Amino acid sequence: MDYAKALKEGVIRKPSNFICTISDDRGEEVLYGKMPISEVFKKDIGIGGVLSLLWFKRQFPAYATKFIEMTIMATADHGPAVSGAHNAIVAARAGKDLVSSVASGMLTIGPRFGGAIDGAAQMFSNAYDRGLTPSQFVEEMKQKGENIQGIGHLIKSIHNPDKRVTILKEYAKEHFKSTPLLDFALEVEKVTTAKKDNLILNVDGCIGICFVDMLRNEMPKKEADEYIQMGALNGLFVVGRTIGMTAHFLDQKRLKQGLYRHPWDDIAYMTD
Ligand code: ACO
Ligand code: LMR
């Protein structure tokens, strides 16, 4: 039999090079999971619904998709001085295009800035699952000489609370089925802020920890833990902050700002 005919009749199958389980563009309209794009709009599932279909392969209930959207809104921007925006601005002023400038900012997202969401989810859930008390967890991390991911902020403190954190944690307390990990984290925060007033539960920590509570409420614990181990949650900051970095790029171009050079008097030259 001719190869093309055999393939068409389903007698033989060409081995596939890769597998995709999340979307399909072969039909008349693209599918997100099993949902046609027309249905996505008809049901008005929003960004939170689209994200939950594509990232977690299920349609989360409304309280959860709203929480996803809140994390994106809360992380969209935090002014020009933070690592990511600063890099994006410097790149834009060096004449780079939008994608390069945003990518330059994106590459600063990591364990100190914006990319502590997964680390916080992993560290706090691990300590909670092992039955450690908040003090034992803080002490254990101190013994290891490691900073607790999701704790600490350069400008926010108990005297200057981060409104984003207040909004997200109040929403979780009001709308989530249960919040055992958030409750644990708030006890940890009491221990760390007693040491130093800026060692608060920060926005990364709050998102990571609330997300664990949400995922464990909406799927079996084993599956939720897999997502946490995979490092899915830093993606929330990436999605959110793309909005802000794009805005900073546009701002610099609109203002026709020239090449940036850091002033000499702000650098301690210590070459001797
Ligand atoms: N856990 C435990 N102890 C901490 C932590 C932490 N996360 N952060 C700081 N400390 C302690 C330090 O060990 C140090 O103690 P010492 O004075 O006894 O030596 C003291 O607090 C000051 O440490 P610094 O490194 O000077 O703290 P700073 O305020 O400069 O750091 C930072 C802020 C970088 C955010 C830090 O707290 C940190 O690494 N946190 C974890 C990472 C994180 O969550 N980043 C996300 C921040 S939010 C965002 O980017 C959107
Ligand atoms: C941010 O969202 O970028 C911040 O919380 C970090 C900062 O230093 O303000």
Side-chain angles (χ1 to χ4, degrees), residues 68-91 101-102 104-128 132-169 181-182 184-212 228 231 233-249 251:
I68 291 173
E69 289 175 8
M70 288 172 72
T71 66
I72 294 170
M73 290 158 80
T75 56
D77 194 33
H78 208 234
V82 306
S83 306
H86 186 86
N87 260 25
I89 289 169
V90 171
S101 304
V102 171
S104 162
M106 280 298 150
L107 293 178
T108 65
I109 297 176
R112 291 189 187 147
F113 166 71
I117 305 183
D118 282 302
Q122 287 156 8
M123 284 180 179
F124 279 81
S125 59
N126 177 282
Y128 176 79
L132 296 188
T133 64
S135 304
Q136 284 170 335
F137 172 44
V138 173
E139 190 49 38
E140 186 180 276
M141 295 304 290
K142 193 168 174 225
Q143 294 303 323
K144 283 190 196 166
E146 278 179 45
N147 275 352
I148 303 170
Q149 293 279 284
I151 290 285
H153 200 277
L154 282 175
I155 59 163
K156 296 293 176 189
S157 70
I158 35 176
H159 308 296
N160 172 28
D162 190 331
K163 198 69 192 168
R164 301 171 295 180
V165 176
T166 312
I167 291 167
L168 292 170
K169 71 185 180 197
L181 204 64
L182 175 59
F184 176 71
L186 294 175
E187 293 303 311
V188 170
E189 183 186 39
K190 283 184 193 156
V191 178
T192 53
T193 50
K195 294 182 172 204
K196 206 163 173 266
D197 67 358
N198 74 327
L199 296 183
I200 53 161
L201 180 64
N202 62 39
V203 70
D204 280 12
C206 182
I207 291 174
I209 282 146
C210 291
F211 228 89
V212 176
I228 295 157
L233 306 183
N234 284 343
L236 294 164
F237 195 91
V238 170
V239 173
R241 199 50 66 93
T242 304
I243 299 172
M245 288 181 194
T246 301
H248 284 291
F249 168 85
D251 201 33

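If you're wondering where the values come from, they're calculated on a predicted model, not measured in any experiment. In listed order, ligands and their atoms are each counted from 1.
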Exercise for review: Identify the residue among E139, E146, E140 that makes a side-chain hydrogen bond (donor to acceptor under 3.5 Å, both in side chains) with Q143.
Suggested key: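 Checked E139, E146, E140 against Q143; only one passes side-chain hydrogen bond (donor to acceptor under 3.5 Å, both in side chains): E139.
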
**Study point:** N198 side chain to H153 backbone, donor-acceptor under 3.5 Å
**Key:**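 Indeed, once roles are kept as given, a pair shorter than 3.5 Å links the two residues.
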
Review point. For the rings on F137 and F124, is their centre-to-centre separation under 6.0 Å?
Key: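 Under 6.0 Å, so yes.
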
Exercise for review: Using the side chain to side chain donor-acceptor pair (under 3.5 Å) rule, collect all pairs that involve residues 240-249, keeping only residues at least two apart or in two chains.
Suggested key: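 Every side chain to side chain donor-acceptor pair (under 3.5 Å) pair that includes a residue of residues 240-249, provided the two are not neighbours, is D77-H248.
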
Review point. Partners of V191 by side-chain contact (heavy atoms from CB on, under 4.5 Å), sequence neighbours excluded?
Key: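 Checked V191 against side-chain contact (heavy atoms from CB on, under 4.5 Å); matches are P134, S135, V138.
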
**Study point:** Contacts of A121 that satisfy side-chain contact (heavy atoms from CB on, under 4.5 Å) - sequence neighbours left out
**Key:**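 Scan of A121 (side-chain contact (heavy atoms from CB on, under 4.5 Å), adjacent residues dropped) gives V212, I228, L233.
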
Point to revise | atom 4 (C) of ligand 2 - nearest protein heavy atom and its distance | key: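 Atom 4 (C) of ligand 2 sits closest to the protein heavy atom H78 ND1, 3.3 Å.
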
Exercise for review: Among all protein heavy atoms, pick the one closest to atom 6 (C) of ligand 2 and tell me residue, atom and distance.
Suggested key: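 The protein heavy atom lying closest is H153 NE2, 3.6 Å.
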
Heavy atom under 4.0 Å from ligand 2: found in [X]'s side chain, backbone, both, or neither?
{"X": "R164", "answer": "side chain"}
{"X": "V82", "answer": "side chain"}
{"X": "R241", "answer": "side chain"}

Review point. How far apart are the closest heavy atoms of I207 and I117, and which atoms are they?
Key: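 For I207 and I117, the tightest heavy-atom pair comes out as CG2-CG2, 4.0 Å.
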
Check your understanding: Between atom CG of D118 and atom CZ of F211, what is the distance when rounded to the nearest 0.5 Å?
Key ->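 Separation between the atoms: 10.5 Å.
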
May I have the N/O to N/O pairs between ligand 1 and the protein that fall below 3.5 Å, each with atom names and distance to one decimal?
{"residue": "ligand 1", "atom": "1 (N)", "partner": "I148", "partner atom": "N", "Å": "2.9"}
{"residue": "ligand 1", "atom": "7 (N)", "partner": "I148", "partner atom": "N", "Å": "3.3"}
{"residue": "ligand 1", "atom": "7 (N)", "partner": "I148", "partner atom": "O", "Å": "2.7"}
{"residue": "ligand 1", "atom": "7 (N)", "partner": "I151", "partner atom": "O", "Å": "2.7"}
{"residue": "ligand 1", "atom": "29 (O)", "partner": "N198", "partner atom": "ND2", "Å": "2.9"}
{"residue": "ligand 1", "atom": "37 (O)", "partner": "I151", "partner atom": "O", "Å": "3.4"}
{"residue": "ligand 1", "atom": "39 (O)", "partner": "N147", "partner atom": "ND2", "Å": "3.2"}
{"residue": "ligand 1", "atom": "40 (N)", "partner": "I151", "partner atom": "O", "Å": "2.8"}
{"residue": "ligand 1", "atom": "44 (O)", "partner": "G150", "partner atom": "N", "Å": "2.8"}
{"residue": "ligand 1", "atom": "44 (O)", "partner": "N202", "partner atom": "ND2", "Å": "2.8"}
{"residue": "ligand 1", "atom": "45 (N)", "partner": "R112", "partner atom": "O", "Å": "2.9"}
{"residue": "ligand 1", "atom": "50 (O)", "partner": "G114", "partner atom": "N", "Å": "2.9"}

